Amino acid sequence: MNPYLVGIVVPFVFSYILSKKSSKQRGLPVDVGGEPGYAIRNYRFTSPVETQWEGVTTLAELFDLACKNFATKRMLGTRKLISSEIEVTADGRSFEKFHFGEYEWLSYNQAYDAVCNFASGIVHLGAIFADTRAELAPLKTVNWCLFMWGCFRRNITVVTIYASLGEEALCHSLNETEVSTVVCGHKELIKLIGISGQLDTVKRVIYMNDEGIAKDVSLAEKNTQWTLASFEDVGRIGRENPVAAEMPVSADIAVIMYTSGSTGLPKGVMMTHGNILSTLSAVMTIVPGLGRKDVYLAYLPLAHVLELAAESLMVAVGISIGYGSPLTLTDTSNKIKKGTKGDASVLRPTLMVAVPAILDRVRDGVRKKVDAKGGLSRKLFDIAYGRRLAAINGSWFGAWGLEKMLWDFLVFRKVRAVLGGHIRFLLSGGAPLSGVTQRFINICLGAPIGQGYGLTETCAGGTFSEYDDTTVGRVGAPLPCSFLKLIDWPEGGYLTVDTPMPRGEIVIGGPNVTAGYFKNEEKTKEVYKVDERGMRWFYTGDIGRFHPDGCLEIIDRKKDIVKLQHGEYVSLGKVEAALSVSPYVDNIMLHADPFHSYCVALVVPAYQALESWAKSQGIIYSDLSELCQKEAAVKEVQGSLVKAAKQTRLEKFEIPAKIKLMEEAWTPESGLVTAALKLKREVLRKRFADDLSKLYA
Ligand SMILES: *[C@@H]1O[C@H](CO)[C@@H](O)[C@H](O)[C@H]1NC(C)=O
Ligand SMILES: *[C@@H]1O[C@H](CO)[C@@H](O)[C@H](O)[C@H]1NC(C)=O
Ligand SMILES: *[C@@H]1O[C@H](CO)[C@@H](O)[C@H](O)[C@H]1NC(C)=O
Ligand SMILES: CC(=O)N[C@H]1CO[C@H](CO)[C@@H](O)[C@@H]1O
């Protein structure tokens, strides 16, 4: 039978039968102490959970338990490097490309031995550690992960710092924590040598045996007084001199995580073992059927709280973790040699964590491919997508059934193969995910996206959207480890008595709320408060509203609001998210100035889209920089911004009146965005001050 016919008949029957909207109550009001507000808890738990594992109160104990339970199962995998080469493009830029082979695995037992060896080896070396691991170290991340567990076993606090923070921030973080031993790869080692004169406390460096490390090590030996040792050395020393564990207690600090704040120097968030454990316990209750059959693809840095929590949870429940990196994820990723396989196609993971920026890229990539193919396959894709959208819109049950199977087989199977074809659950966090992207990924991958909301300060705990919640744009009900409260913010016009939904600043309380900022009493006091009942609350500065079913929607951010000359308020984050829907936008920073009546914006265009448009228009240009300055290009992008703004019903004053196209992408390395790819407004404003003032001229 003609598949089209089936595709058109079956859906009606199914959507008709199953189009019942579920109205499950996911969060319930709760009575709490502290500042008055509107508080909500998870519908299944009356008080915040602290641990899901009997008798386990620290990560160190959790690791022991996991190794006992899952002994011979695969725990950590990395891909063998087969070859690497430098590829030079036509315009003279060079890229390193890799060819990786199959995954090679360590069992839980083997990992346990390695962790014990590291733990003993560390004792012979010294105290606090810092991780400045680069993004691309796919071969050695296993060592870093094992090393962290080794530190926990010795009650040693691990400090995590992004190498991409920049010199000043790196110096500041290492100085502040008085770190004595630094763990790093070769890129970071070079950075460290460069600032070695300003580091008083660093005595030792443990390096990863990356390719090309030898000459950096000899450079360090020449220029510094440091003791240098490789991971292998530490393991060997530990094996030869075993030392008993020195287990921490729940209230001991496990990790000090430096977060790249959008302003000023980074702050070190102190996380206790109890903090992290309560987040793990909470997330565990939320992913359906989390179990030993799952495979997890780890590719975000462990210095990201989401990744730390996710990887620890995977270990706790006996899941195999395969390592990858953002630049080697798919067959078409930047660093993957043409014709060889990306991490996802080799590992075929069932679970992944993603930040919205990465999902946006996946969406754009798929869309581009489909558009490029054109013709019948594009039409088929659009029909399939439309049908699925309508079905999901009705109810979750409508999302299953025969029609889904048909479309999956005809259309989405190929899309799914991009991430290995087996994904059954995706967790998105770190920033709000646009509804458009959420739907797109939902439909194309056929897997629910759990959207979480949480901060480093709350140990990633906050809210989480359940797998059966098919709405978009919301971040779900409170996690079982958190109470959420909205409090009035009269200056911004958000009140808990607002209708139809209570609105206000989001405040998070519970055992997951971290101990505060390291050596920063003042800032800690400003945003952390303990109420009369002994519960800790963190003031997020985000503005949210609670839907009647107890789910949270983030609608604004306190400090991102600017009042224009004529008194209109512009919420920068909200407008940027809306404008990002434009296919020409890779990144955008809206700028509003109280002395003007309109906004302007810096736009990093999606270069491919812009270039193919230019080609279609017969526009001649020698390089990107010239194209970005062409009036026609600016006009085209601006036009698409206006369209995006209309779609999302922005006000006229919210639409940037003038824009500048940036000729270079904003990356964490350039210090213009955080490692989670959030804009660093202050830095961007300073860097592009001239461009901004020209836009207002
Ligand atoms: C770190 O400490 C050293 C020595 O005390 C000092 O020279 C340097 O300026 C400090 N750097 C930062 C960023 O605080
Ligand atoms: C763990 O280390 C911290 C900091 O050195 C110390 O205060 C604490 O007492 C230690 N915990 C145990 C159980 O020994
Ligand atoms: C989804 O449903 C809502 C109302 O329930 C409707 O307003 C919207 O147009 C629908 N969207 C699609 C794509 O069907
Ligand atoms: C580990 C931790 O910080 N635990 C605290 C969690 O919060 C409760 C009160 O809500 C405290 O009693 C715990 O000490």
Side-chain angles (χ1 to χ4, degrees), residues 50-51 53-68 112 115-131 144-161 172-183 199-206 227 234 237-238 241-259 267-281 302-303 305 308-309 312 315-316 456-457 459 511-521 523-524 528 530 534 536:
E50 298 200 17
T51 178
W53 296 271
E54 215 180 307
V56 170
T57 60
T58 66
L59 295 176
E61 289 165 353
L62 190 63
F63 184 78
D64 281 9
L65 182 70
C67 291
K68 212 169 85 198
Y112 183 79
V115 164
C116 289
N117 289 341
F118 276 141
S120 302
I122 298 162
V123 177
H124 295 274
L125 285 169
I128 304 187
F129 290 84
D131 161 43
W144 163 241
C145 168
L146 295 172
F147 205 76
M148 180 186 78
W149 292 107
C151 289
F152 293 162
R153 252 184 112 65
R154 292 293 314 174
N155 184 22
I156 291 168
T157 301
V158 177
V159 180
T160 67
I161 304 169
H172 164 81
S173 322
L174 290 170
N175 267 358
E176 191 170 78
T177 44
E178 297 174 41
V179 158
S180 62
T181 305
V182 178
V183 176
L199 303 174
D200 286 350
T201 58
V202 175
K203 297 279 178 290
R204 282 161 231 96
V205 172
I206 296 173
T227 312
V234 182
I237 295 170
N241 307 278
V243 178
E246 194 176 308
M247 299 294 248
V249 295
S250 171
D252 285 328
I253 307 289
V255 177
I256 300 178
M257 190 170 278
Y258 274 83
T259 64
K267 299 182 294 266
V269 177
M270 297 185 286
M271 300 178 178
T272 65
H273 284 270
N275 290 154
I276 301 174
L277 197 61
S278 76
T279 296
L280 303 189
S281 302
L302 259 177
V305 64
L308 178 75
S312 310
V315 169
T456 310
E457 284 86 342
C459 207
N512 55 314
V513 173
T514 55
Y517 299 116
F518 186 66
K519 288 194 186 163
N520 198 338
E521 192 78 16
K523 186 75 195 164
T524 301
Y528 289 89
V530 181
R536 280 179 83 75

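The model shown is predicted, which means the values in this text are computed figures rather than measured ones. Atoms within a ligand are numbered from 1 in the order they appear, just like the ligands themselves.
- Counting heavy atoms under 4.0 Å from ligand 2, residue M247 touches it through the backbone alone.
- Checking only distances, N155 does come within under 3.5 Å of ligand 2, N or O to N or O.
- To the nearest 0.5 Å, the span separating CD on E176 from OH on Y517 amounts to 12.0 Å.
- Listed by number with element, the atoms of ligand 2 under 4.0 angstrom from any heavy atom of D252 are 1 (C), 8 (C), 10 (C), 11 (N), 12 (C), 13 (C).
- Open room surrounds NZ on K68; 12 or fewer heavy atoms of other groups in view lie less than 6.0 Å from it.
- Under the 30°/60° scheme for interplanar angles, the aromatic rings of F118 and F147 are found to stand perpendicular.
- In this structure, atom 5 (O) of ligand 2 has its sub-4.0 angstrom surroundings free of protein heavy atoms.
- Between Y112 and F63, the ring-plane angle classifies as parallel under the 30° and 60° cut-offs.
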